[in-house]
Chemist: 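One structure coming up, written as structure tokens, with questions to follow.
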Amino acid sequence: MLDMKYIRENLDETERRLRTRGGESYLDGFRELDERRRALLKEGETLKALRNSVSDEIGRTKDKSLVQDKILEMREVSHKIKGLDEELNQVDEQLHSFLLTVPNLPHASTPIGLYEKDNVQVRSWGEPQRLPFEAKPHWDLGEDLGILDFERGAKIAGARFTLYRGAGARMERALINLMLDLHTDQHGYQEVLPPFMVNRDSMTGTGQLPKFEEDLFKLVDPDFFLIPTAEVPVTNIHRGEILKKSDLPISYCAYTPCFRREAGSYGKDTRGLIRQHQFNKVELVKFVHPSESDAELEILTGHAEKVLQLLELPYRVMSLCSGDIGFSSAKTYDLEVWLPGQSCYREISSCSTFGDFQARRASIRFREDEKGKPEFVHTLNGSGLAVGRTLVAILENYQQEDGSVLVPRVLRPYMGGLERIVP
RNA sequence: GGAGAGAUGGCCGAGUAGGUCGAAGGCGCUCGCCUGCUAAGCGAGUAUACUGGGAAACCGGUAUCGAGGGUUCGAAUCCCUCUCUCUCCGCCA
């Protein structure tokens with residue numbers, strides 16, 4: 001959520017910056033609602049002040065017959081206050097839900113542009129492999145090796161679900177452990193294991209709601225949602241809290257499955273593991289001092305990159321343009337891994353800084369000094385990494401001409417020493 | 001699922017025949033005094049949001065005692081609904 005006062009004082013500039021995301025208009029109607037609200041507030045509060053002082057006087061008067069006329073008068077005033085409050089509540093509600101649908105302001109360093117082609121490559125690592133034989137896509141490799149069973153996944157649940165078997169299931173688990181060990185032991189994150197379902201407040205805090213409900217799996221009876229990313233439960237760990245400055249930065253990593261409806265992507269990436277309703281991810285989340293968030297984004301992105309480097313998977317880092325960053329994001333780096341089976345780069349991690357956008361929605365604050373006003377922290381997160389897509393990248397990059405797949409060195413201790421997956 | 005108890009400020013904890021309660025007291029914390037050091041002691045201060053005024057320091061108003069609604073001139077206190085926590089019973093990985 002953007003700061004209401006900031007919008008009020010910088011309406012045109014805010015609108016201009018938001019439009020770099022590509023929409024038509026973002027702040028139409030704000031001025032009217034805001035002014036209406038303040039007028040109602042002023043009128044109601046003046047009456048309440050009157051009522052308070054007169055009620056006080058009535059309270060101090062022993063002989064109530066002396067103040068009968070005042071009681072009657074205040075009865076009128078209270079009636080009027082009630083009407084004003086009702087109207088104010090309506091306007092408040094409108095203004096609040098309006099603000100909840102306004103996306104974050106792009107960071108000053110986010111490239112301006114509307115389309116994927118406007119994303120900027122920041123750097124790359126490793127050489128995209130050119131295999132000396134015809135490379136297979138991972139869905140063929142997975143089926144031929146008997147480690148990915150797409151048909152059975154579809155039978156058990158439906159499209160976009162996969163059954164992992166044997167070395168495939170083992171490798172998924174190995175990757176999770178490798179990533180968690182790296183981030184906790186080497187990068188200073190605390191591991192957390194959060195609930196995989198959350199309530200509406202948590203989804204609103206990180207920005208999935210109210211706008212993107214159709215992207216979520218929702219439970220019918222208790223009003224719960226399956227998490228689309230660990231970002232949601234982990235960022236909400238500190239919702240409504242005032243943190244100690246000395247606690248910052250707070251760094252969490254979490255393994256969770258992620259559940260996404262993928263509504264609107266019918267027919268896209270229907271084969272293989274790329275786009276699933278359920279996938280595993282190790283997520284990195286940070287709560288930082290506002291002055292540190294820019295630097296922390298670089299650090300966090302580096303932590304995600306480290307996983308790819310250890311696995312010796314070639315990748316590139318893209319700075320997403322203003323039209324391509326997410327609703328809550330101010331700046332996003334995507335890590336794209338090279339997939340020789342499909343001869344393309346695919347997103348495997350997305351690292352974002354949200355500035356104070358999520359912190360304001362979720363009310364996560366700290367004090368600069370003991371007596372200072374609470375200020376909003378900055379939040380960041382990034383995949384470190386998407387596990388299913390990492391497995392895809394390994395299968396395609398480590399495939400051999402005979403159809404077997406070598407296990408990356410760093411992963412072997414996590415797989416009981418297995419060096420090669422064979423049919 | 002059944003029965004009962006509870007939810008007050010950073011923490012603990014008073015406060016129910018409705019008014020002088022944004023809320024006693026204690027702890028913690030901040031500043032000052034005192035003080036060979038430490039400890040103790042003394043004094044002052046110590047919630048948040050919105051809003052009006054002001055360049056600012058700051059001053060004023062309103063709201064908030066789990067959340068929402070009701071009664072009343074007036075609600076932490078009375079009534080209703082909900083959420084959460086705890087205890088006992090049942091069920092259960």
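Below, all heavy atoms of this structure are taken into account, side chains as well, without hydrogens, waters or symmetry copies. A note on names: the letters A, B, ... follow the listed sequences, proteins ahead of strands, and every chain is numbered from 1.
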Chemist: Let me know the distance between CG of A/Asp56 and P of B/A75, rounded to the nearest Å.
Modeler: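 Rounded to the whole Å, the gap is 12 Å.
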Chemist: When you measure from the side-chain N and O atoms of A/Ser78 to the phosphate of B/U72, is any distance below 4.0 Å, counting only OP1 and OP2?
Modeler: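 Checking B/U72 against A/Ser78, no side-chain N or O comes under 4.0 Å of OP1 or OP2.
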Chemist: Scan nucleotides 49-70 of chain B nucleotide by nucleotide, 5' to 3', and note B when protein non-hydrogen atoms come under 4.0 Å of the base, S if they reach only the sugar-phosphate, - if neither.
Modeler: SSSS--------BBS------S
Chemist: Where do A/Thr101 and A/Pro210 come nearest, in terms of heavy atoms and distance?
Modeler: CG2-CG, 4.2 Å
Chemist: Taking side-chain hydrogen bond (donor to acceptor under 3.5 Å, both in side chains) as the definition, give me every residue that meets it alongside A/Arg260, ordered by chain and number, with sequence neighbours left out.
Modeler: none
Chemist: Do any of residues 58-75 of chain A sit with a heavy atom less than 4.0 Å from RNA chain B, and if so which?
Modeler: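 Listed by number, they are A/Ile58, A/Gly59, A/Lys64, A/Ile71, A/Met74, A/Arg75.
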Chemist: Round to the nearest Å and state the distance from A/Glu375 atom CD to B/U48 atom C1'.
Modeler: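 About 15 Å, once rounded to whole Å.
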Chemist: So which pairs with a foot in residues 205-244 of chain A pass ring pair (Phe, Tyr, Trp, His ring centres under 6.0 Å), sequence neighbours left out?
Modeler: A/Phe212-A/Phe327, A/Phe217-A/His277, A/His238-A/Tyr252, A/His238-A/Phe287
Chemist: Sequence neighbours excluded, which residues qualify as side-chain contact (heavy atoms from CB on, under 4.5 Å) partners of A/Thr270?
Modeler: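 Scan of A/Thr270 (side-chain contact (heavy atoms from CB on, under 4.5 Å), adjacent residues dropped) gives A/Arg160.
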Chemist: Quote, to the nearest angstrom, the C1' distance that separates B/C65 from B/C58.
Modeler: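 These two C1' atoms come out 28 Å apart once rounded.
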Chemist: What's the gap between B/C21 and B/U77 when it is taken at their C1' atoms, as a whole Å value?
Modeler: 10 Å
Chemist: Between B/C88 and B/C73, how many Å separate the two P atoms, rounded to a whole number?
Modeler: 46 Å
Chemist: Not counting sequence neighbours, which residues clear side-chain hydrogen bond (donor to acceptor under 3.5 Å, both in side chains) with A/Arg165? List them please.
Modeler: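 With neighbours one apart ignored, the set is A/Asp149.
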Chemist: What is the separation between atom CG on A/Leu243 and atom C1' on B/U48, rounded to the nearest whole Å?
Modeler: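 Spelled out: CG on A/Leu243 to C1' on B/U48 is 16 Å.
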Chemist: Can you list everything that forms a side-chain hydrogen bond (donor to acceptor under 3.5 Å, both in side chains) with A/Asp118? Sequence neighbours excluded, please.
Modeler: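 Applying side-chain hydrogen bond (donor to acceptor under 3.5 Å, both in side chains) to A/Asp118 gives none.
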Chemist: Taking only residues two or more places apart in sequence or in another chain, which ones pass side-chain hydrogen bond (donor to acceptor under 3.5 Å, both in side chains) with A/Ser65?
Modeler: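 Expected list: A/Asp63.
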Chemist: Output side-chain donor-acceptor pairs under 3.5 Å for residues 186-194 of chain A, partner residues at least two apart or in another chain, one line each.
Modeler:
from: A/His187; atom 1: ND1; to: A/His183; atom 2: ND1; distance (Å): 3.1
from: A/Tyr189; atom 1: OH; to: A/His303; atom 2: ND1; distance (Å): 2.7

Chemist: Within this structure, what is the CD1-to-C1' distance between A/Ile242 and B/G9, rounded to whole angstrom?
Modeler: 12 Å
Chemist: C1' atom, B/A44 versus B/C50: distance in rounded Å?
Modeler: 29 Å
Chemist: Side chain to side chain contact (heavy atoms under 4.5 Å, CB included) between A/Phe150 and A/Glu143: does it pass, once the steps are laid out?
Modeler: CA-CA 8 Å; A/Phe150 298 106; A/Glu143 276 177 347; 3.5 Å; yes
Chemist: Taking B/G4 as the reference, what is the distance to B/G22 when you measure between their P atoms (whole Å, please)?
Modeler: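 Comparing P positions in B/G22 and B/G4 gives a spacing of 35 Å.
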Chemist: Ring pair (Phe, Tyr, Trp, His ring centres under 6.0 Å) with A/His289: which residues, sequence neighbours excluded?
Modeler: A/Phe366
Chemist: Name the stems that RNA chain B belongs to, where each is three or more consecutive Watson-Crick or G-U pairs with both distances under 3.5 Å?
Modeler: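 So far as stems of 3 or more pairs are concerned, RNA chain B shows B:1-7 with B:83-89, B:10-12 with B:25-27, B:28-33 with B:41-46, B:47-53 with B:58-64, B:66-70 with B:78-82.
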Chemist: What pairs meet the salt bridge (charged side-chain N to carboxylate O under 4.0 Å, His left out) rule with one or both residues in residues 38-49 of chain A, with sequence neighbours excluded?
Modeler: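 Qualifying pairs, neighbours excluded: A/Asp34-A/Arg38, A/Lys48-A/Asp85.
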